[in-house]
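To keep things clear, I will list the structure first and then write my remarks on it.
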Amino acid sequence: FTLAPVSTTNFNLSYNEEEDPDSTALSSSMSIDKLFPALLECFGIILCGYIAGRTNIITSTQAKGLGNFVSKFALPALLFKNMVLLDFGNVIWPFLWSILIAKVSVFVIVCVLTLIVASPESRYSKAGLFSIFATQSNDFALGYPIVEALYQSTYPEYLQYIYLVAPVSLMLLNPIGFAFCEIQKWKNQGNNQQSKLRIMGLVFLQVLKNPIVFMVVIGIIAHFVLHQTIPAFMAEFVDGLANSFGGAALFYLGLSMVGQLGKLTRSTVVTLILLITAKLLLMPLICKDMVDLLDNSNTSALNHSSLSNYAFLYGVFPTAPSVAIYAVYYNAELEVVTSGMVISTFLSAPIMYVSAWLLTIPWMDPQLLMNSLQNVSFNISIVSLVALVWTIAVMFLSKKVKRLPHMFTVNLFLAQFLTCIGMIVWNFVVKKDNFIGQVLTFTLLCTSLYSTYVWPGLIALSLVLLKRFEDLKVSPGVFVIAGWGCESTDCLLVQVELQQVADRQVARHLLLCLLLTVSLLANLSSCLWLLFNRVPGRLYLELQFFCAVVNYGQGFLSFALFGLDKHLIILPFKKRLYSLWYGKKREEQPQTDLPEEIRMTCTQFTKYHKDQCCHDIVKKRRCGKRTMVDCFLGCELVEWLQQVGLAQDLGEAVLYGTRLQQGGVLQHIKREYDFQDSRLYYRFIL
């Protein structure tokens, strides 16, 4: 528990020079000053890719082309280059064996538990994909820039371990996972005539066809044939492809995240918790412990500690996006894999930063450590408090507070708000000799903090109850008649829209509950660690800092998930931005001033497809007592455009509909919304 004024003797973190003679030199093994810029660079490019995909600047179909370039050209060239130039003389083989054993251990644990727990209908595919998810790290796109920032100036040879460790998953563990998926596919097809030997041959052939594995093998052969030198005539060509990997891979990672959290369902929550725990907590701990056990050849305690810390950081690298490609290929567990990839990527950033920062500082006086912990909690509480004030205001202004489950969510935000207030007040009260003030502040802090872990349970319960009784619906018209006794002055379809647009945001609530459950497990681990270890060690200190961040930084999660209301903030902002950009309203824009692609789209649709579209999806719907309107749902047009081949995917269909609206072919029945893939009503303009 990180907020109580615990006596420093309980932690037993006093500095012992004989126990760790090289601890004062640990700060020289990493360049922590370069870590934050590296994280900012990586996640900044990821954010750019996400924005490009979210706004349909690049559709999912177009993103596949970039993904193919990254996986089939840029990454194989990068691997080939580094396999040729690799210096095996500087490799510390016990480190590689440690990472291999750690990956195999996690793979076996996840695989066996999945085979035991999962249902027989999908047991083998789950075992294969979940095991790959827990062991295949995003080594090249995200891991390499971070390792380069930390160790380029101190241990540059550490960078080559990335290229040695990654093929272990690709050539050893992944084929085993693929074999399980092929077995499941074979069982589902009911074709028992295929022999197991044939299945093994298909898996082996699939692995060899992977350009990443193929270029690793070619690179190792070229390493010995070319004597660690790339010929001059092909050096520039290989460098050009290899250097294009970094930014393109991160940008594609952002593109691949678009829409994935929407696939999160209640049935995947427990699975995600276990998989993320295995990937971000179990894997780094086993990696570090195995290096501590096997790396006995290092005569320098500094080198040994540095390798051990590097193994821990390597274990924290998030899951690679290619796992989602495997899930799509086998059409299995796509919701779990894609949602888990997004969550693990963003959870890994604070873990890596805090880990690297703590591993660079030498052991110091326990009181200084407690002061540092107090300062971190205080600073995070201030920023989180601002985020919570904004989020609570949005909930009240959007009137979501009046309905479930947002009613419970607002109570959670208030508990988080009081937690931040309590931490800020505690920072001042603890420095004064005021016993009553300390007791009152501590009571407020403890009560509100523990409440933040009770409310997610109530939110989850409310979601279950709402799901069970969702069939008990009443027409909005009944409420109008009951409330006023006469006909509504507004279109009934608009009232239906208001009920549909005001969704329960189930996916966001599930994600919030999932993340808070992970932070709760971290707090529980901290208590158990201190209970069973008299000398907790440096990793316990890191766990304490992590608990402080997740306890008092809950406001960041709340703001990210609920602070940017679509109808209160995002849509008005988009309309205002569009108005400022074009200088006048879109509906007043002359047809001749439209861009060429919009005019062509509108002309094509009006001339060749509009009549058929009206026949297929346009229906007469009652708008009032005596009025009817020909209209259709936005989601119906999106589905129709894909069915007739005018759009290849959902992103292209939304873009097509947006162009029709910009060209004056269709409009929202009240002209209040842009075209969306939702249950909003639109009509064609005659």
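Both backbone and side-chain heavy atoms feed into the values below; hydrogens, waters and symmetry mates do not. Along the sequence shown, the residues carry numbers beginning at 1.
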Shortest non-hydrogen pair, Pro284 vs Gly315, comes out as CD-O, 3.6 Å
With sequence neighbours excluded, tell me which residues meet ring pair (Phe, Tyr, Trp, His ring centres under 6.0 Å) with Phe632. Phe684
Please say whether more than 12 non-hydrogen atoms of neighbouring residues, nucleotides or ligands are located less than 6.0 Å from CZ in Phe556. yes
For Ala415, the side-chain contact (heavy atoms from CB on, under 4.5 Å) test, sequence neighbours excluded, returns Ser451, Thr452, Trp455
All side-chain contact (heavy atoms from CB on, under 4.5 Å) counterparts of Pro456, not counting sequence neighbours: Leu412, Cys513, Leu516
Let me confirm one number: the CG-CZ distance from Leu255 to Arg54, rounded to the nearest 0.5 Å. 13.0 Å
Test item: Ser344 side-chain N/O and Met341 main-chain N/O as donor-acceptor pair under 3.5 Å: yes
Side chain to side chain contact (heavy atoms under 4.5 Å, CB included) between Tyr552 and Leu445, intermediate numbers included: CA-CA 11 Å; Tyr552 307 114; Leu445 191 52; 4.2 Å; yes
If the condition is ring pair (Phe, Tyr, Trp, His ring centres under 6.0 Å), which residues does Phe133 pass it with, not counting sequence neighbours? none
Atom CG of Leu250 and atom CD of Glu41: how far apart are they, to the nearest 0.5 Å? 7.5 Å
So Cys635 and Arg679, do their side chains get closer than 4.5 Å, heavy atoms only? yes
Can you say whether the rings of Phe442 and Trp426 are parallel (under 30°), tilted (30 to 60°) or perpendicular (over 60°)? tilted
side-chain hydrogen bond (donor to acceptor under 3.5 Å, both in side chains) partners for Gln667, two or more places apart: Arg671
Do Phe417 and Val389 come within less than 4.5 Å of each other through their side chains, counting heavy atoms only? yes
Pairwise side-chain contact, Thr319 with Gln136, heavy-atom cut-off 4.5 Å (strictly under): no
Using the rule given for ring-ring contact (aromatic ring centres under 6.0 Å, His included), can you reason through Phe562 versus His509, listing the C-alpha separation, both sets of side-chain angles and the distance that settles it, and then say yes or no? CA-CA 9 Å; Phe562 298 97; His509 282 92; 4.9 Å; yes
Taking all atoms of both residues into account, what is the closest heavy-atom pair of Leu373 and Ala548, and its distance? CD1-CB, 3.9 Å
Could you tell me which non-hydrogen atom of Leu449 sits nearest to which non-hydrogen atom of Gln554, and how far apart they are? CD1-NE2, 4.2 Å
Trp640 side chain to Ile617 main-chain N or O, any donor-acceptor pair under 3.5 Å? no
Minimal non-hydrogen separation, Val110 against Ala278, with atom names: CG2-CB, 4.2 Å
According to side-chain contact (heavy atoms from CB on, under 4.5 Å), who are the partners of Ile276, at least two apart in sequence or on a separate chain? Leu280, Ile343, Leu347
Ile46 side chain reached by Tyr50 side chain, heavy atoms, under 4.5 Å: no
State, yes or no, whether a side-chain contact exists between Asn523 and Val550 at a heavy-atom distance under 4.5 Å. yes
Taking the side chain as every heavy atom from C-beta outward, state whether Gln62 and Leu66 have any pair of such atoms under 4.5 Å apart. no
Once rounded to the nearest 0.5 Å, what's the spacing between atom CG of Asn427 and atom CG of Asn379? 8.5 Å
Decide if atom CD of Gln438 counts as having more than 12 heavy atoms of other residues, nucleotides or ligands within a radius under 6.0 Å. yes
Worked check of side chain to side chain contact (heavy atoms under 4.5 Å, CB included) between His406 and Met395: CA-CA 8 Å; His406 294 83; Met395 297 294 283; 3.5 Å; yes
If I take atom CG from residue Leu388 and atom CG from residue Leu414, how far apart are they, to the nearest 0.5 angstrom? 9.0 Å
For Asn551 and Tyr453, test the side chains for any donor-to-acceptor distance below 3.5 angstrom and give the result as yes or no. yes
Does any donor atom in the side chain of Gln416 or Ser384 lie under 3.5 Å from an acceptor atom in the other side chain? no
Which residues pass the ring pair (Phe, Tyr, Trp, His ring centres under 6.0 Å) test with Phe130, not counting sequence neighbours? none
With Ser448 via side-chain hydrogen bond (donor to acceptor under 3.5 Å, both in side chains) - residues at least two apart: Thr419
Got a sec, which residues hit side-chain hydrogen bond (donor to acceptor under 3.5 Å, both in side chains) with Asp649, two or more places apart in sequence or on another chain? Ser60, Thr61
Can you find a heavy atom in the side chain of Arg683 that is under 4.5 Å from one in the side chain of Arg621? no
Any donor-acceptor pair under 3.5 Å from Asn411 side chain to Met407 backbone: yes
Going through the checks in order, is the side chain to side chain contact (heavy atoms under 4.5 Å, CB included) test met by Gln648 and Lys64? CA-CA 12 Å; Gln648 298 298 319; Lys64 292 178 182 178; over 6 Å; no
Distance in Å, Ser122 OG paired with Leu129 CG, rounded so as to fall on 0.5 Å steps: 10.5 Å
Separation between OG1 (Thr409) and CG (Leu512), nearest 0.5 Å, reads 7.0 Å
Determine whether a donor-acceptor pair (N or O, by modelled atom type, separation under 3.5 Å) exists between the side chain of Gln662 and the backbone of Arg659. no
With sequence neighbours excluded, tell me which residues meet side-chain contact (heavy atoms from CB on, under 4.5 Å) with Ile382. Phe378, Ile424
Only counting residues at least two apart or in another chain, list the ones meeting ring pair (Phe, Tyr, Trp, His ring centres under 6.0 Å) with Phe675. Tyr682
Run the numbers on Phe317 and Ser348 for side chain to side chain contact (heavy atoms under 4.5 Å, CB included), then give the verdict. CA-CA 6 Å; Phe317 290 165; Ser348 66; over 6 Å; no
Is the closest side-chain donor-acceptor distance between Lys279 and Ser137 under 3.5 Å? yes
Holding to salt bridge (charged side-chain N to carboxylate O under 4.0 Å, His left out), I want the full list of residues that pass it with Glu652, two or more places apart in sequence or in another chain. none
Shortest non-hydrogen contact between Gly657 and Leu641, atoms and distance: N-CD1, 4.3 Å
Within-4.5 Å side-chain heavy-atom neighbours: Phe43 and Thr345: yes
Indicate the atoms forming the closest heavy-atom contact of Met283 with Ala134, along with that distance. CE-O, 3.5 Å
